[in-house]
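Structure, as structure tokens:
Since this is a predicted model, take the numbers as computed values, not measurements.
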Amino acid sequence: MSDFDEVLETPEDAQPTSVPDAVKVLAVLSYIGHGFLLIIMLIAFVFFATASSSTVGQLMGGRMEGGMLSVILVVFLLFIGFSIMSIIGAAKMHKGKKSGFILFAIGSGLLGLLILLGAAEQVSNLILGLIIIGFVIAFGTQLKHLR
């Protein structure tokens with residue numbers, strides 16, 4: 001064997017780059033968090049969609065006006081869309097693809113900002129918004145390990 005042959009890697013020696021454990025943990029936590037948020041938003045969406053014409057809506061103080069109900073339903077649809085976008089992005093990063101970060105950063109970043117801007121006077125919403133933005137930053141620090 002010559003020196004030239006020893007330097008070259010053979011296909012058996014080439015190791016596929018694996019996804020770091022930090023990315024796997026962040027992805028699983030993102031699945032859980034955004035999945036839970038998605039379930040809550042779907043339940044609230046169905047509740048508000050039926051609340052205006054049901055007896056529950058009348059118990060809440062009368063019928064909700066059509067304009068206000070439309071705004072609430074659009075907000076819920078935005079939150080649901082951002083959560084789905086974040087889950088898809090986390091799944092791509094879990095597979096080792098760097099392109100998933102763009103989806104995750106857009107979905108989670110906008111979701112976190114909406115939560116922070118919408119109800120920052122409540123401590124629980126402030127913490128939730130900061131956690132969501134923290135996940136975007138944490139995934140961003142792991143980009144160098146993704147392909």
Main-chain N/O of Val136 paired with Ser108 side-chain donor or acceptor, under 3.5 Å: no
Answer yes if the side chains of His94 and Ser30 hold a donor-acceptor pair under 3.5 Å, and no otherwise. no
Centroid-centroid distance, Phe139 to Phe101, less than 6.0 Å: no
Between Thr141 (side chain) and Ala138 (backbone), is there a donor-acceptor pair under 3.5 Å? yes
For the student: nearest non-hydrogen atoms of Val19 and Lys24, plus distance: O-CE, 3.5 Å
What are the two closest heavy atoms between Phe76 and Ala44, and how far apart are they? CZ-CB, 3.5 Å
Measuring from atom CD1 of Ile115 to atom CG of Leu128, what distance do you get when rounded to the nearest 0.5 angstrom? 4.0 Å
As an exercise, state the distance from CG of Asn125 to CG of Leu116, rounded to the nearest 0.5 Å. 8.5 Å
Count the heavy atoms belonging to other residues, nucleotides or ligands that lie under 6.0 Å from NZ of Lys98, then report whether that count exceeds 12. yes
Mind checking whether Val74 and Ile40 sit in one hydrophobic cluster, side chains of I, L, V, M, F, W, Y counted as touching below 4.5 Å? no
More than 12 heavy atoms from other groups under 6.0 Å of CG on Leu29: yes
Point-to-point distance, once rounded to the nearest 0.5 Å, from NE2 of His34 to CD1 of Ile84: 11.5 Å
Can you tell me how far apart CG (Leu111) and CD1 (Ile132) are? Round to the nearest 0.5 Å. 4.5 Å
If hydrophobic clusters are built from ILVMFWY residues whose side chains come within less than 4.5 Å, do Ile87 and Leu77 share one? yes
Of all heavy-atom pairs linking Lys97 and Leu146, the shortest is O-CD1, 4.2 Å
Flag yes if Leu38 and Leu73 sit in one hydrophobic cluster, no otherwise; membership is Ile, Leu, Val, Met, Phe, Trp, Tyr, and two members link when side-chain heavy atoms are under 4.5 Å apart. yes
Can you name the nearest heavy-atom pair linking Ala91 to Tyr31, along with the distance? CA-OH, 3.1 Å
Minimum heavy-atom distance between Lys92 and Gly100, given as atom pair plus value: CB-CA, 3.6 Å
State, with a plain yes or no, whether a side-chain heavy atom of Ile133 is found less than 4.5 Å away from one of Leu113. yes
May I have the step-by-step check of side-chain contact (heavy atoms from CB on, under 4.5 Å) for Leu114 and Phe82, ending in yes or no? CA-CA 10 Å; Leu114 284 175; Phe82 290 149; 3.7 Å; yes
State plainly whether one hydrophobic cluster holds both Val75 and Phe47, where clusters connect Ile, Leu, Val, Met, Phe, Trp and Tyr through side-chain heavy atoms under 4.5 angstrom apart. yes
Side chain proximity check, Ile106 to Met85, heavy atoms < 4.5 angstrom: yes
Could you tell me the separation between the CZ atom of Phe45 and the CZ atom of Phe79, rounded to the nearest 0.5 Å? 14.0 Å
Could you give the distance from OG (Ser83) to CE (Met41), rounded to the nearest 0.5 Å? 7.0 Å
Are Leu78 and Ile72 linked, directly or through intermediate hydrophobic residues, by side-chain heavy-atom contacts shorter than 4.5 Å (ILVMFWY only)? yes
